[in-house]
Amino acid sequence: MTAASSPLNRQPSWIPLLCAVAALSLPITIHFIRTRNDNMSTAALPLSSSLPSLPLFLEAQKWASTDPGKVAIIDKTKDLSFTYRQLLNDVAALKRRILAQVKVQDLEERRIAFLVPAGYDYVVCQWAVWAAGGVCVPLCKFNFLLVASKDLSY
């Protein structure tokens, strides 16, 4: 078997696409996080029209309207807590940015890769992809490591 035809040298055709999507998703997420307004008024909540009627979002909207100060996520890495209202507003904003970036109205179950550390930002990114109609493909730095070992038994 020649080096060119070796199965180890073949790269699946979806890997470059996955890497490109990951490269696009990280700047969008970082820009969103940096431009986020933490002091958003709790009175402005135009979520019902921008988020889908899935049980996850309906339950979060119920909590946001019943108790606007109810904490949804405590992000230990940032030492901050975020309410359901903040979470839903951030999800709706990122959903709009994702759809605008891809230039579609619905992702129609397209796979969206993202590289975001665990915490509040990860949840916002994941929920925004779901709200936009996409399928999440979270990436980890370990996905890109190639481990060469003779014994692969665990």
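Small disclaimer: the values here were computed from a predicted structure and weren't measured. Throughout, residue positions are numbered sequentially from 1 according to the sequence presented.
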Flag side-chain contact, heavy atom, 4.5 Å: [X] against [Y]:
X: Pro138; Y: Gln126; result: no
X: Leu139; Y: Val137; result: yes
X: Leu94; Y: Cys125; result: yes

Verify the cluster assignment for [X] and [Y]: are they in a single hydrophobic cluster under the rule of side-chain heavy atoms below 4.5 Å apart?
X: Trp127; Y: Leu80; result: yes
X: Leu56; Y: Leu107; result: yes
X: Leu88; Y: Leu54; result: yes
X: Leu87; Y: Val71; result: no

How close do [X] and [Y] get, counting heavy atoms only, and between which atoms?
X: Glu109; Y: Val135; value: O-CG2, 3.7 Å
X: Ala132; Y: Leu99; value: CB-CD2, 3.8 Å
X: Ser81; Y: Gln86; value: O-OE1, 4.0 Å
X: Val91; Y: Ala131; value: CG1-CB, 4.3 Å
X: Cys136; Y: Trp130; value: SG-NE1, 3.5 Å
X: Asp121; Y: Lys78; value: OD2-NZ, 2.7 Å

Main chain of [Y], side chain of [X]: is a donor-acceptor contact present, judged purely on distance under 3.5 Å?
X: Arg85; Y: Ala64; result: yes
X: Asp67; Y: Trp63; result: no
X: Asp75; Y: Tyr120; result: yes
X: Lys70; Y: Tyr84; result: no

